[in-house]
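Report on the following structure.
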Amino acid sequence: MKIIKQIAQNLKQAISDREQKLALDLFRAGLQQSEAEFVGQLRKIGVLRCSTYDFQSQILNSLINETGKINISQNSQVYFESIKSLLSISRNIQTLFNVLLKEVDYLEIKSYLVAVDSLFWPLYDHQAVDSLFWPLDGLQQDHANRYSVCKEELASAFSLYLYHSHDKKVIDNNTPDSF
């Protein structure tokens with residue numbers, strides 16, 4: 001387990017450093033060592049998320065193309081095909097994400113931060129927070145219940161947004177009103 005985890009972490013670093021040959025070697029080694037365990041680690045630590053690498057997908061594409069040359073399980077094939085699909089639209093995702101960053105008013109971030117934070121308060125009545133995100137009447141509420149996201153996904157989305165928006169505005173922890 002430790003070896004596979006280390007290979008996955010080294011792979012993530014090699015991709016970040018844009019070392020394609022090393023990344024391919026590590027990818028092959030991880031799959032040969034223990035495919036199921038390695039793919040699990042890739043998923044767990046987000047090695048193949050193109051947003052992690054500023055939507056630079058060349059190395060990720062080469063890794064995914066490598067899976068077509070080797071015999072892998074059906075589960076791994078499905079996972080790599082989903083990654084391949086996401087990579088094919090990565091430029092569009094990056095463009096959309098940049099547009100969103102420009103459109104969202106930074107003053108709104110405070111409200112979102114409070115809402116996301118309150119999702120994790122153990123004894124908090126979530127009705128006020130829910131009303132920020134979901135309509136509260138009849139058919140619309142039913143629709144929201146079916147298509148809503150869990151609190152961890154919402155927190156992750158906010159975290160990603162905040163991480164990328166940090167490039168545009170430095171947040172001073174000593175003056176929370178400047179946020």
Side-chain angles (χ1 to χ4, degrees), residues 1 3-106 108-109 112 115-116 119 133-134 143-169:
M1 175 72 168
I3 293 171
I4 293 295
K5 186 175 183 177
Q6 190 61 51
I7 291 172
Q9 290 171 341
N10 290 347
L11 174 60
K12 190 171 187 175
Q13 188 61 50
I15 296 169
S16 291
D17 294 343
R18 309 234 191 287
E19 297 181 34
Q20 185 165 349
K21 183 178 179 345
L22 177 59
L24 274 168
D25 290 344
L26 289 167
F27 188 71
R28 289 178 189 131
L31 289 173
Q32 288 174 353
Q33 185 92 19
S34 174
E35 177 194 325
E37 191 178 333
F38 182 63
V39 170
Q41 277 299 312
L42 295 178
R43 295 176 89 143
K44 183 177 180 180
I45 61 176
V47 173
L48 301 178
R49 289 186 189 138
C50 62
S51 62
T52 302
Y53 313 104
D54 240 0
F55 299 95
Q56 300 297 316
S57 59
Q58 298 85 353
I59 294 177
L60 295 176
N61 276 317
S62 69
L63 298 179
I64 298 303
N65 289 338
E66 189 68 19
T67 64
K69 301 174 186 176
I70 57 178
N71 187 20
I72 57 175
S73 71
Q74 180 67 29
N75 287 342
S76 294
Q77 286 175 4
V78 168
Y79 173 66
F80 291 130
E81 280 300 316
S82 71
I83 297 297
K84 187 175 183 176
S85 296
L86 289 171
L87 289 174
S88 71
I89 61 170
S90 66
R91 286 289 172 206
N92 294 339
I93 293 171
Q94 182 183 27
T95 301
L96 178 61
F97 197 77
N98 288 336
V99 168
L100 285 173
L101 284 175
K102 290 176 186 173
E103 293 297 320
V104 173
D105 181 6
Y106 284 100
E108 292 176 12
I109 293 176
Y112 292 130
V116 169
L119 291 173
F133 300 104
W134 316 123
H143 180 77
N145 286 339
R146 276 189 275 140
Y147 299 105
S148 63
V149 295
C150 72
K151 63 185 179 182
E152 288 81 7
E153 289 171 329
L154 184 60
S156 178
F158 178 78
S159 175
L160 178 67
Y161 172 78
L162 189 61
Y163 171 78
H164 284 285
S165 68
H166 184 71
D167 293 338
K168 292 176 67 179
K169 179 180 174 101

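Side-chain atoms of Thr67 and Gln77 form no donor-acceptor pair, as typed in the model, at a separation below 3.5 Å. The closest side-chain donor-acceptor pair between Ser85 and Ser88, if any, does not fall under 3.5 angstrom.
The six-membered or imidazole ring of Phe38 lies away from that of Phe80, with a centre-to-centre distance of 6.0 Å or more.
For the pair Phe27 and Ile7, the minimum side-chain heavy-atom distance is 4.5 Å or more. Two residues are said to be in side-chain contact when any heavy atoms from C-beta on lie closer than 4.5 Å; Leu48 and Leu63 meet this criterion.
Minimum heavy-atom separation, Gly46 to Thr52: O-OG1, 3.8 Å. Contact detail for Ile45 and Lys12: the closest heavy-atom pair is O-NZ, 2.8 Å. The two residues Ala14 and Leu26 come nearest to each other via the heavy atoms CB-CD1, 4.2 Å. The two atoms that bring Gln41 and Ile4 nearest to each other are CG-CG2, 3.9 Å, heavy atoms only. Counting all heavy atoms, side chain and backbone alike, Val47 lies closest to Ala8 at CG2-O, 3.7 Å. Considering all non-hydrogen atoms of both residues, Glu19 and Leu22 come closest at OE1-CD2, 3.2 Å.
Residue Gln58 holds its CD atom at 8.5 Å from CD of Gln20, rounded to the nearest 0.5 Å. Between Phe55 atom CZ and Thr95 atom OG1 the span is 9.0 Å, to the nearest 0.5 Å. Taken from CG in Leu31 to OG in Ser76, the straight-line distance is 7.0 Å, to the nearest 0.5 Å.
Counted within 6.0 Å of CD1 on Ile70, heavy atoms from surrounding residues, nucleotides or ligands total more than 12; the atom is thus considered enclosed.
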Give the C-alpha distance, both sets of side-chain angles, the deciding distance and a yes or no for side chain to side chain contact (heavy atoms under 4.5 Å, CB included) between Arg18 and Gln56.
CA-CA 9 Å; Arg18 309 234 191 287; Gln56 300 297 316; 3.0 Å; yes
Side chain to side chain contact (heavy atoms under 4.5 Å, CB included) for Leu87 and Ile64? Distances and angles first, verdict last.
CA-CA 10 Å; Leu87 289 174; Ile64 298 303; 3.9 Å; yes
Go through the steps for Ser73 and Glu35 under the test side chain to side chain contact (heavy atoms under 4.5 Å, CB included), then give the verdict.
CA-CA 8 Å; Ser73 71; Glu35 177 194 325; 2.8 Å; yes
